[in-house]
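Take a look at the structure set out below.
Worth knowing before you read on, the calculation uses all heavy atoms, side chains too, and leaves out hydrogens, waters and symmetry mates. Residues take their numbers from the sequence shown, with the count starting at 1.
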Amino acid sequence: DVQLQASGGGLVQAGGSLRLSCKVTGLTSGDYLIGWFRQAPGKEREAIACISKYESIYYREPPKSRFAISSDVAENTVHLQMNSLKPDDTAVYYCAAYIPEGAYYTNKFDPREYRYWGQGTNVTVSS
């Protein structure tokens with residue numbers, strides 16, 4: 001059973017940094033993407049970045065210049081380093097797994113393509 005557990009959120013002042021982690025279990029074979037998403041109050045869930053099993057990285061514009069995704073293969077964990085945080089970054093942050101049905105990923109940034117989701121971690125950026 002595939003499970004994802006997000007952690008690392010919290011309250012931070014504008015300009016600060018946070019490092020989110022997503023522990024992934026149950027993905028034993030085949031290709032997959034692990035993506036980070038966020039959802040602010042009253043807004044749709046939006047993609048931030050994703051990383052493949054083979055550590056290919058994809059960012060959705062914006063805010064890729066402030067955020068960096070990485071993976072720790074030995075720990076089965078994907079991180080999202082967030083720097084220069086702004087109040088507009090306040091949201092619930094989710095990690096999710098996309099397992100393609102065929103040979104290709106249809107849309108790496110569409111939440112509907114991601115079958116498995118973590119519980120979310122809250123990020124609040126104060127001004």
Side-chain angles (χ1 to χ4, degrees):
D1 190 24
V2 178
Q3 294 187 339
L4 300 95
Q5 184 169 0
S7 62
L11 174 64
V12 63
Q13 288 188 333
S17 298
L18 282 174
R19 189 190 194 207
L20 306 183
S21 297
C22 178
K23 179 73 172 180
V24 184
T25 57
L27 283 173
T28 56
S29 63
D31 292 341
Y32 58 82
L33 291 176
I34 303 298
W36 279 102
F37 296 78
R38 67 183 182 183
Q39 188 166 17
K43 295 187 177 181
E44 293 186 353
R45 191 167 298 187
E46 64 176 4
I48 299 169
C50 57
I51 187 168
S52 75
K53 176 181 180 179
Y54 305 102
E55 300 189 83
S56 296
I57 291 174
Y58 309 91
Y59 291 99
R60 189 188 71 85
E61 292 277 10
K64 72 173 184 180
S65 60
R66 297 185 292 118
F67 292 7
I69 192 170
S70 63
S71 65
D72 183 334
V73 176
E75 295 293 329
N76 293 322
T77 300
V78 174
H79 300 289
L80 184 69
Q81 178 69 41
M82 306 189 296
N83 301 321
S84 302
L85 285 163
K86 305 174 182 179
D88 284 349
D89 294 318
T90 295
V92 180
Y93 284 70
Y94 299 90
C95 58
Y98 177 176
I99 301 173
E101 294 183 359
Y104 302 100
Y105 296 99
T106 305
N107 187 334
K108 299 178 180 66
F109 301 122
D110 187 346
R112 296 171 295 181
E113 299 289 353
Y114 287 73
R115 187 183 312 171
Y116 303 98
W117 289 83
Q119 82 285 7
T121 184
N122 283 290
V123 172
T124 302
V125 184
S126 63
S127 58

Got a second to check how far [X]'s [atom1] is from [Y]'s [atom2], nearest 0.5 Å?
{"X": "Thr25", "Y": "Asp1", "atom1": "OG1", "atom2": "CG", "value": "7.5 Å"}
{"X": "Cys22", "Y": "Asn76", "atom1": "SG", "atom2": "CG", "value": "10.5 Å"}
{"X": "Lys108", "Y": "Ser56", "atom1": "NZ", "atom2": "OG", "value": "9.0 Å"}
{"X": "Glu44", "Y": "Gln39", "atom1": "CD", "atom2": "CD", "value": "8.5 Å"}

Intermediate values then yes/no, side-chain contact (heavy atoms from CB on, under 4.5 Å), Ile51 and Trp36: CA-CA 9 Å; Ile51 187 168; Trp36 279 102; over 6 Å; no

With side-chain contact (heavy atoms from CB on, under 4.5 Å) as the test, would you mind laying out the steps for Leu27 and Ile99 before giving the verdict? CA-CA 9 Å; Leu27 283 173; Ile99 301 173; 3.6 Å; yes

Decide, yes or no, whether a salt bridge links Arg112 with Asp110 under the criterion of side-chain N to carboxylate O below 4.0 Å. yes

At their closest point, which heavy atom of [X] faces which heavy atom of [Y], and how far apart are they?
{"X": "Val73", "Y": "Glu55", "answer": "CG2-OE2, 3.8 Å"}
{"X": "Ser17", "Y": "Asn83", "answer": "OG-OD1, 3.0 Å"}
{"X": "Ile48", "Y": "Leu80", "answer": "CD1-CD2, 4.0 Å"}
{"X": "Ser127", "Y": "Pro87", "answer": "CB-CG, 3.9 Å"}
{"X": "Ser84", "Y": "Arg66", "answer": "O-NH1, 3.0 Å"}
{"X": "Leu4", "Y": "Ala97", "answer": "CD2-N, 3.9 Å"}

May I have the step-by-step check of side-chain contact (heavy atoms from CB on, under 4.5 Å) for Lys23 and Glu75, ending in yes or no? CA-CA 8 Å; Lys23 179 73 172 180; Glu75 295 293 329; 4.2 Å; yes

Backbone of Ala6 reached by a side-chain donor or acceptor of Gln119 within 3.5 Å: yes

State whether the side chain of Arg60 and the backbone N or O of Ala47 hold a donor-acceptor pair below 3.5 Å, judged by distance alone. yes

Taking the hydrophobic residues Ile, Leu, Val, Met, Phe, Trp and Tyr, and joining any pair whose side-chain heavy atoms are under 4.5 Å apart, which ones share a cluster with Tyr58? Leu33, Phe37, Val92, Tyr94, Tyr98, Tyr105, Phe109, Tyr114, Trp117

Using the rule given for side-chain contact (heavy atoms from CB on, under 4.5 Å), can you reason through Asp89 versus Phe67, listing the C-alpha separation, both sets of side-chain angles and the distance that settles it, and then say yes or no? CA-CA 11 Å; Asp89 294 318; Phe67 292 7; 3.9 Å; yes

How would you list, by chain and number, every residue that makes a side chain to side chain contact (heavy atoms under 4.5 Å, CB included) with Val123, sequence neighbours excluded? Leu18, Leu20, Met82, Tyr93, Val125

Would Val78 end up clustered with Ile57 when hydrophobic side chains under 4.5 Å apart are linked, directly or stepwise? yes

Please list all pairs meeting disulfide bond (SG atoms under 2.5 Å apart) that have one or both residues in residues 96-127, counting only residues at least two apart or in different chains. none

